[in-house]
Undergrad: 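Handing you a structure now.
Reminder, nothing fancy here: chain letters follow the sequence lines and each chain counts from 1. Note that the structure is predicted; figures quoted are calculated from it, not measured.
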There are 2 protein chains.
Amino acid sequence: MSDMPSCQFESRPRRIVIGAGGAQTDFCTTCSVRPTSVCSVIGPDDISRLSDAAVETIIPPGRGFIEEGAPATDFFNVTSGTVKLFKALPDGRRQITGFASPGHFLGLAVSDNYAFGAEAVDTVRVCRFSRDKMADLLDDFPKLERRLLEEASNELVAAQNQMLLLGRKTARERVASFLLDQMHASQLPGQEGTGGRLHLPMTRGDIADYLGLTIETVSRTLSWMRSQGMIEVGKGYAITILSVAKLDVLAAGNT
Amino acid sequence: MSDMPSCQFESRPRRIVIGAGGAQTDFCTTCSVRPTSVCSVIGPDDISRLSDAAVETIIPPGRGFIEEGAPATDFFNVTSGTVKLFKALPDGRRQITGFASPGHFLGLAVSDNYAFGAEAVDTVRVCRFSRDKMADLLDDFPKLERRLLEEASNELVAAQNQMLLLGRKTARERVASFLLDQMHASQLPGQEGTGGRLHLPMTRGDIADYLGLTIETVSRTLSWMRSQGMIEVGKGYAITILSVAKLDVLAAGNT
DNA sequence: GGGACGCATTGATTTACATCAAACCATCCG
DNA sequence: CGGATGGTTTGATGTAAATCAATGCGTCCC
């Protein structure tokens, strides 16, 4: 995963410009592919092929860019921001199946139609590939295929955890699990440690749709956690975790 | 998926014996690998390598063979029967994350430990590979890797559907979705059409743990569906679907 | 400034499902 | 045979979370 320190490809006319290094900027500013995803599995000599296939797209907050059921023409790699993936029922009920952060791939589906919708939570930058060209790339770069398999496996593990959460955990357990997951995500290599201070990019409504709860229950549960000295709820989207231990106990189901 | 009519490899001493053909028996009786999974992506000349890596194992009903959290040493391909995959909380609550039928791969995880447990629902036959040898196979047979990626993608789609079910559907909608899924699974190429007659191998308890409900709710819901003329509940594990249309309406959420 | 709007919090009430409980009905086996 | 055992069904009651409802509080924009 983090065996590649940074994207080493030098600047190329019109297409590839590499950031100066440093965790926040080490991706190609044209194709926007991060070293941890595509760049790390394709050799420097082949980068022009990659950039031929890729188009950078910037998506404003709230804008959907994959519609559930639409023909699956493209394939995406998230390079900055947070994307919510969801499925909906005809009457409007909505389940967010996951949040995709930088490095994640979207649209892996074998089917000809997208199985889920995708919408930008905050400002999002993605690297967009046509699936046709992606298929060619896969043929030429077996390592890329292995990387995708790894990604899919990880997502599968996350999905199984989420099924346990949705099927068997109480509201308090769900919220505790969510906060701990967010904390762990914010502590990945490349992100500085935050000492329990989280900036959740998503609204209460998104959290509710992710945890299979209502807005009101999420809000009440956070208030209850505050009353128990587990967290501090700041203005806007800030939450500070005061006691990881207490949340751990909750999340594990030892209510 | 079904681009390979049957396993064509001839019998080989001690290791490979091919069934006489026909949908029920066209898998290797020693390594038990079905044509739709491993066999279809490995050439005949290489089959001995495959059989070197594979060991057939027969697992009696109710026996667990993957323990959640245990070191992930092996990799499985189901060749007959039904396997339940599950995750559990310390206090015993259980979520079945899926049922694996013939052709499915288990233990794909990148991690060193299994992320879920597995237990035979009925009598199960699996083809067991050591993960070390599997890694070698992957290096030599890129097509196998693509097949695994396809499998993982399909599982991911199924997992997303299940998240929608667990997070947002009512008990009636869940049971209706489940019955329709089972019906569709029984109509896959290679299985004869059953005219709505299902033989579910799993208990009410398993169904409950899969749908995030209790045994009583599953039972009551089935009784209600019977009272509505949607299904017929036979002795043992038999259920007949009388009205696909009514179940469709229910499953889609137009309660 | 002052609506209007989107998001969040808190309270009162309802309800779908869980829990508790009892009875039923196979199959197994001493 | 008879009584244990494991799964299923059905009924009575309880409860966690949904729903309905009101208020607060930023930010945007005329």
Undergrad: Provide a list of protein-nucleic acid N or O atom pairs under 3.5 angstrom, restricted to nucleotides 21-28 of chain C.
TA:
none

Undergrad: Among Leu165(B), Leu166(B), Ile96(B), find the residue that satisfies the side chain to side chain contact (heavy atoms under 4.5 Å, CB included) test when tested with Tyr210(B).
TA: Ile96(B)
Undergrad: Tell me: CZ of Arg168(A) to C1' of dC17(C), nearest whole Å?
TA: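 Taking atom C1' of dC17(C) as the reference, CZ of Arg168(A) is at 11 Å.
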Undergrad: Is any side-chain heavy atom of Thr97(B) closer than 4.5 Å to one of Glu155(B)?
TA: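 When only atoms from C-beta onward are counted, Thr97(B) and Glu155(B) do not touch, as no gap falls below 4.5 Å.
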Undergrad: Checking all strands, does Arg174(A) fall into the base, sugar-phosphate, or nothing category for heavy-atom contacts under 4.0 angstrom?
TA: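 Counting heavy atoms under 4.0 Å across all strands, no contact is made by Arg174(A).
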Undergrad: Heavy atoms, side chains only, cut-off 4.5 Å: are Phe65(A) and Leu106(A) in contact?
TA: yes
Undergrad: So, the side chain of Ser227(A) versus the backbone of Trp224(A): is there a donor-acceptor pair under 3.5 Å, distance only?
TA: yes
Undergrad: Please list, in 5' to 3' order, the outermost nucleotides of DNA chain D lying under 4.0 Å from any heavy atom of chain B.
TA: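 First and last nucleotides in contact are dT8(D) to dA12(D).
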Undergrad: Test Val124(A) against Asp122(A) for side-chain contact (heavy atoms from CB on, under 4.5 Å), laying out the working first.
TA: CA-CA 6 Å; Val124(A) 164; Asp122(A) 44 15; 3.9 Å; yes
Undergrad: Counting any heavy atom closer than 4.0 Å, what does Gly212(A) reach on the DNA or RNA strands: base, sugar-phosphate only, or nothing?
TA: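 Since only primed, P, OP1 and OP2 atoms lie under 4.0 Å of Gly212(A), the category is sugar-phosphate.
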Undergrad: Report which part of the nucleic acid Leu213(B) touches: base, sugar-phosphate, or nothing (heavy-atom distance under 4.0 Å, all strands).
TA: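 The answer is sugar-phosphate, as Leu213(B) gets under 4.0 Å only of primed atoms, P, OP1 or OP2.
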Undergrad: Between Arg168(A) (side chain only) and Arg94(B) (backbone N and O only), is there a donor and an acceptor less than 3.5 Å apart?
TA: yes
Undergrad: Less than 4.5 Å apart, any side-chain heavy atom of Leu200(A) and any of Phe178(A)?
TA: yes
Undergrad: For nucleotides 6-8 of chain C, give me every protein contact, N/O to N/O, under 3.5 Å, one pair per line with atom names.
TA:
{"unit_1": "dA8(C)", "atom_1": "OP1", "unit_2": "Arg204(A)", "atom_2": "N", "d": "3.2"}
{"unit_1": "dA8(C)", "atom_1": "OP2", "unit_2": "Arg204(A)", "atom_2": "N", "d": "3.0"}

Undergrad: Any non-hydrogen side-chain atom of Phe75(B) less than 4.5 Å from a side-chain atom of Val126(B)?
TA: no
Undergrad: Out of the candidates Lys169(B), Gln162(B), Gln182(B), Arg172(B), only one should pair with Ser177(B) under the side chain to side chain donor-acceptor pair (under 3.5 Å) rule; please name it.
TA: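 Single pass found, and it is Lys169(B).
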Undergrad: Within the 4.0 Å heavy-atom criterion, would you say Ser223(B) contacts the bases, only the backbone, or no part of the nucleic acid?
TA: sugar-phosphate
Undergrad: Please examine the side chains of Val83(A) and Phe76(A), heavy atoms only from C-beta on, and report whether any two atoms are closer than 4.5 Å.
TA: no
Undergrad: Report, as yes or no, whether the 6.0 Å neighbourhood of atom CD on Gln228(B) holds more than 12 heavy atoms from other residues, nucleotides or ligands.
TA: yes
